[in-house]
Amino acid sequence: MSRRCEICNKGQVSGNKVSHSMRHSRRKWNANIQRVRINDNGTIRRARVCTQCLRSGKVNRAV
């Protein structure tokens, strides 16, 4: 399963976790991807969409 938004293509970002003693170790930030039913030009289908696209109205949710 890909952790990528089908609308804006937002995905996983990697970087460093930095402790109080400034030791670095690798970590990753996952995008908040939800699996929702959307209305895609009259057809209802499931899509993996990030919550920012849901809130901004870039996606028409099917009810």
Side-chain angles (χ1 to χ4, degrees):
M1 175 179 116
S2 67
R3 298 175 187 262
R4 192 161 292 278
C5 176
E6 294 181 17
I7 307 301
C8 68
N9 211 23
K10 179 191 284 190
Q12 183 171 283
V13 178
S14 62
N16 284 319
K17 177 169 55 177
V18 182
S19 69
H20 181 68
S21 62
M22 297 300 287
R23 292 180 65 91
H24 290 63
S25 59
R26 299 299 283 178
R27 65 158 291 183
K28 55 190 167 189
W29 289 268
N30 290 322
N32 192 357
I33 304 294
Q34 305 293 321
R35 190 159 182 224
V36 294
R37 293 175 65 213
I38 65 170
N39 190 354
D40 190 19
N41 294 328
T43 58
I44 295 173
R45 68 178 184 93
R46 288 196 181 272
R48 292 185 179 94
V49 182
C50 70
T51 53
Q52 234 167 349
C53 289
L54 287 173
R55 286 187 304 172
S56 65
K58 293 182 182 178
V59 174
N60 292 328
R61 291 195 62 174
V63 275

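FYI, side chains are in, hydrogens and waters are out, and symmetry mates aren't considered; it's all heavy atoms of this structure.
- In this structure, C8 and C50 approach most closely via the heavy-atom pair SG-SG, 3.6 Å.
- When all heavy atoms are compared, the tightest approach of R26 to S14 is NH2-OG, 3.7 Å.
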List the atom pairs, donor and acceptor, that lie under 3.5 Å between side-chain atoms in residues 28-44 and the rest of the protein, sequence neighbours left out.
| unit_1 | atom_1 | unit_2 | atom_2 | d |
| --- | --- | --- | --- | --- |
| N32 | OD1 | Q34 | NE2 | 2.8 |
| N39 | OD1 | G42 | N | 3.2 |
| D40 | OD2 | R45 | NE | 3.1 |
| T43 | OG1 | D40 | O | 2.8 |

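- In the displayed structure, Q52 atom CD is contacted under 6.0 Å by at most 12 heavy atoms of other residues, nucleotides or ligands.
- Note that NZ of K10 is 7.5 Å distant from SG of C5, once rounded to the nearest 0.5 Å.
- Summarising the geometry, atom CZ belonging to R23 is positioned 12.0 Å from atom NZ belonging to K17; distances are rounded to the nearest 0.5 Å.
- The backbone N or O of G11 lies less than 3.5 Å from no partner atom in the side chain of R3, so there is not a single donor-acceptor pair.
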